Amino acid sequence: MRLIRKNVERVAESEAAIEKLKAEGFKELEKQEEKPEMPVNLADMNVTQLKALAKQKGLEGCSGLSKEELLEVLKGVV
């Protein structure tokens, strides 16, 4: 659970930790709905963006790949 007090945010997993933080003045942070990912057109992205996406997806060894190679690798992941 995420709790906030002023501009300080804390994450508590156990009920005891949650209660302790609430006693210190923290309030439960409103749950934010996750926005569905927008469909990505990989061909419109540049090499830097494709490499960042590969890194975000946990792919390793993509730093030396060309745009075409990155597109092939990412096609099955995205």
Side-chain angles (χ1 to χ4, degrees):
M1 173 182 286
R2 293 174 47 199
L3 298 119
I4 192 164
R5 180 181 67 189
K6 296 186 183 181
N7 65 342
V8 178
E9 187 175 321
R10 297 283 187 256
V11 176
E13 299 297 326
S14 69
E15 286 297 319
I18 292 169
E19 292 304 317
K20 180 180 178 187
L21 288 171
K22 284 184 176 180
E24 293 175 7
F26 283 82
K27 299 203 183 296
E28 187 174 339
L29 194 63
E30 292 181 19
K31 292 183 181 180
Q32 297 178 359
E33 294 182 26
E34 289 187 29
K35 296 179 183 176
E37 287 188 27
M38 297 284 292
V40 177
N41 187 356
L42 297 177
D44 291 341
M45 298 173 77
N46 63 35
V47 175
T48 305
Q49 292 169 324
L50 290 169
K51 287 179 182 178
L53 180 61
K55 185 175 181 178
Q56 178 185 3
K57 298 293 183 182
L59 300 174
E60 295 180 6
C62 295
S63 62
L65 300 179
S66 68
K67 181 173 181 174
E68 291 75 26
E69 293 168 327
L70 285 165
L71 290 171
E72 278 298 311
V73 170
L74 289 168
K75 192 181 341 179
V77 178
V78 178

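Any value given below was found using the heavy atoms of this structure, including those in side chains, with hydrogens, waters and symmetry copies removed. Please read these numbers as outputs of a predicted model, since none were measured by experiment.
R5 places none of its side-chain heavy atoms less than 4.5 Å from the side chain of R10.
Other residues sharing a hydrophobic cluster with V11 under the 4.5 Å side-chain heavy-atom criterion for ILVMFWY residues do not exist; the residue is a singleton.
The 12-atom threshold is not exceeded at NZ of K20, counting heavy atoms of other residues, nucleotides or ligands nearer than 6.0 Å. Within a 6.0 Å sphere centred on CD of E60, other residues, nucleotides and ligands contribute 12 heavy atoms or fewer.
With rounding to the nearest 0.5 angstrom, the NZ atom of K22 is 6.5 Å from the CG atom of L3. The CD atom of E19 sits 14.0 Å away from the CZ atom of F26 when rounded to the nearest 0.5 Å. Taking CG of N7 as the reference point, atom CD of E9 lies at 10.0 Å (rounded to 0.5 Å). To the nearest 0.5 Å, atoms CE (M1) and CG (L21) are separated by 10.5 Å.
V8 and L29 fall into different hydrophobic clusters, where Ile, Leu, Val, Met, Phe, Trp and Tyr are joined by side-chain heavy atoms under 4.5 Å apart, directly or via other members. Note: the hydrophobic cluster containing L59 also contains L71 (ILVMFWY, side chain heavy atoms under 4.5 Å, direct or indirect links).
Closest non-hydrogen pair, I18 versus A12, comes out as CG1-CB, 3.6 Å.
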Atom pairs and distances, donor-acceptor, side-chain atoms in residues 46-55, under 3.5 Å, two or more places apart:
{"from": "N46", "atom 1": "OD1", "to": "T48", "atom 2": "N", "distance (Å)": "3.1"}
{"from": "N46", "atom 1": "OD1", "to": "Q49", "atom 2": "N", "distance (Å)": "2.8"}
{"from": "Q49", "atom 1": "OE1", "to": "N46", "atom 2": "N", "distance (Å)": "2.8"}
{"from": "K51", "atom 1": "NZ", "to": "S63", "atom 2": "O", "distance (Å)": "2.8"}

